[in-house]
Number of protein chains: 2
Amino acid sequence: MSTPQGARARARIEVTAAIKEEAGRRLAAEGAAKLSLRAVARELGMVSSALYRYFPSRDDLLTALIIDAYDSLGERAEAAHTVVADAGAGPVRRWVAVCEAVRGWALDRPHEYALIYGSPVPGYSAPQSTVPAAARVGLLLIGIVRDAGQGPGLAPLPLPAELRPEAERMAADLAPDLPPETVAALVAAWAQLYGLVGFEVFGQFHRVVEDREPFFRHAVTGLAHGVGLREGG
Amino acid sequence: MSTPQGARARARIEVTAAIKEEAGRRLAAEGAAKLSLRAVARELGMVSSALYRYFPSRDDLLTALIIDAYDSLGERAEAAHTVVADAGAGPVRRWVAVCEAVRGWALDRPHEYALIYGSPVPGYSAPQSTVPAAARVGLLLIGIVRDAGQGPGLAPLPLPAELRPEAERMAADLAPDLPPETVAALVAAWAQLYGLVGFEVFGQFHRVVEDREPFFRHAVTGLAHGVGLREGG
DNA sequence: GCATGGCAAGAGCGGTGCTCTCTTTTTTGT
DNA sequence: ACAAAAAAGAGAGCACCGCTCTTGCCATGC
């Protein structure tokens with residue numbers, strides 16, 4: 001039936017969604033630190049204590065918003081990748097497109113970006129439930145490298161001996177079909193990408209980099225080369 | 001005399017220092033978000049309103065802590081550089097030493113790291129007074145590249161046409177004696193360094209990278225190569 | 001048809017940043 | 001030397017916050 005649990009459960013779902021929606025608005029407008037349950041409740045015309053029927057604490061509400069943010073970012077990155085992949089672009093152009101999608105999303109929603117990649121909310125540690133959503137962009141980047149195949153001579157920096165065991169462990173975990181040096185380079189590039197995006201979103205480039213789009217494109221192209229991607233594929 | 005302004009000014013300096021010290025302790029212990037003026041005042045045996053005679057607002061206290069954090073980081077990086085430079089190390093080893101100092105400092109004082117390189121405190125924008133302290137690590141990295149000289153053929157990625165004007169502007173601002181492609185690569189490496197450090201400090205490498213020290217060393221060695229440094233150079 | 005369980009409401013606790021007033025103490029100017 | 005002025009501490013108070021507990025209502029499910 002269309003009312004599988006009766007009108008009551010239906011209302012619960014709607015109220016839950018309304019809370020998340022309003023909380024998302026306030027998050028986008030003022031940031032996570034200023035997100036208050038009382039304000040959300042006030043805006044929704046309910047009393048603050050009623051909100052605790054839906055989210056046991058402020059942190060649980062934040063968790064819901066975090067998962068939404070990861071999903072929104074992952075979706076945007078995947079969409080951007082699909083567009084250029086369908087146009088027949090090579091691996092470097094696909095890599096750059098994904099990076100630019102991440103940057104664009106972060107600049108559009110700086111507070112959501114801060115929520116997932118900024119300082120962790122104190123006393124709060126992301127529950128396991130955020131992991132799949134959080135992994136989407138990483139998987140996308142791995143996929144691009146996998147699709148490109150790895151011609152000999154295009155390999156990234158050779159691994160120093162001290163890193164080889166860890167690189168092999170990472171490769172076994174993340175992409176058993178890729179050589180360990182590629183996986184190590186990928187993980188580093190992944191972190192470095194968020195360094196570039198974070199510096200821009202958090203204002204660290206203020207009065208340092210002015211024309212940021214070409215700068216970013218150039219930097220992530222360097223990242224692509226670092227993991228072994230070349231124009232030809 | 002030893003009391004150039006009388007006992008009053010002397011006391012003011014001491015109380016100010018005590019406030020900053022206690023605030024720093026609480027910051028290190030619990031993070032910026034949980035830093036409360038009232039708690040600091042309580043710990044110091046004064047009433048909260050008295051604290052406003054020394055810091056007009058919580059944000060001003062945070063600003064003082066931010067400057068201290070930048071200085072502490074800069075000092076540690078400079079000390080690390082001095083050690084390896086005095087030992088006659090080449091540019092790559094000096095670069096890596098500075099990066100490792102940044103990482104070590106961040107891991108030692110995650111909350112201070114979050115304060116200066118994490119999500120900006122909402123409604124707060126760092127005043128101009130933080131700029132010199134914030135620039136120290138960057139200047140150090142520029143200095144290493146400058147000292148290395150730039151042999152031909154070791155240059156970083158050639159600049160695309162769209163980035164050339166901006167790269168020349170950055171070079172004029174930051175290091176007029178270095179070629180624009182080197183400066184662009186330097187700024188990118190600077191941001192990427194903090195991506196690597198931030199991911200580790202903020203727990204993004206949890207269950208992804210386990211043996212982090214060699215991984216970091218390898219990644220920042222790659223960064224050094226990216227700006228044109230080579231072992232011999 | 002009625003007991004039950006989900007839900008909104010309200011009061012209240014302990015905490016926050018910040019302001020204002022009042023008093024005391026020190027510095028400064030004549 | 002003494003009064004005026006500046007600086008500092010204390011306390012009350014405002015408007016918030018997260019969160020808990022109790023109360024009473026009302027729709028739902030037996």
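So you know, we letter chains A, B, ... as the sequences are listed, proteins then strands, and number each from 1. Model, not experiment: these values are computed from the prediction.
Atom CZ in A:Arg10 sits about 18 Å away from atom P in D:dA27, given to the nearest Å. For B:Leu35 and C:dG15, the CG to P distance is 16 Å, given to the nearest whole Å. Residue B:Glu30 contributes atom CD, which lies 14 Å from atom C1' of C:dT16 at whole-angstrom precision. Taking atom CZ of B:Arg26 as the reference point, atom C1' of C:dT16 lies 13 Å away to the nearest angstrom. Atom-to-atom, CD1 of A:Ile13 to P of C:dG6 comes out at 15 Å; the value is rounded to the nearest Å. Distance B:Ile19 CD1 to C:dG17 P: 13 Å, rounded to the nearest Å. If you measure from atom NZ of B:Lys34 to atom P of D:dG18, you get 13 Å, rounded to the nearest angstrom.
No hydrogens or angles were tested; on distance alone, nothing pairs the side chain of B:Arg38 with the base of C:dG15 as donor and acceptor under 3.5 Å. The base of C:dT16 has none of its N or O atoms less than 3.5 Å from a complementary donor or acceptor on the side chain of B:Arg58.
The side chain of A:Arg12 contributes an N or O atom lying less than 4.0 Å from OP1 or OP2 of C:dC7.
Checking side-chain atoms of B:Ser119 against main-chain N and O of A:Ser119 turns up a donor-acceptor pair under 3.5 Å. Remark: the backbone N or O of B:Val220 is paired with a side-chain donor or acceptor of B:Trp95 at under 3.5 angstrom. Checking side-chain atoms of A:Ser72 against main-chain N and O of A:Asp68 turns up no donor-acceptor pair under 3.5 Å.
In this structure, of D:dC19, C:dT16, D:dC17, it is D:dC17 that holds the atom nearest to the side chain of A:Ser36.
A donor-acceptor contact closer than 3.5 angstrom links the side chains of B:Asp60 and B:Ser57.
Listed by chain and number, the residues in a ring pair (Phe, Tyr, Trp, His ring centres under 6.0 Å) with A:Tyr113 are A:Tyr117, A:Phe202 (sequence neighbours excluded).
Looking at A:Arg26 and A:Lys34, their side chains never come closer than 4.5 Å, going by heavy atoms from C-beta outward.
Listed by residue number, the members of residues 42-56 of chain A with any heavy atom below 4.0 angstrom from DNA chain D are A:Arg42, A:Ser48, A:Ser49, A:Tyr52.
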>> Pair A:Val187, B:Phe215 - check side-chain contact (heavy atoms from CB on, under 4.5 Å), show working.
In response: CA-CA 9 Å; A:Val187 173; B:Phe215 174 81; 3.6 Å; yes

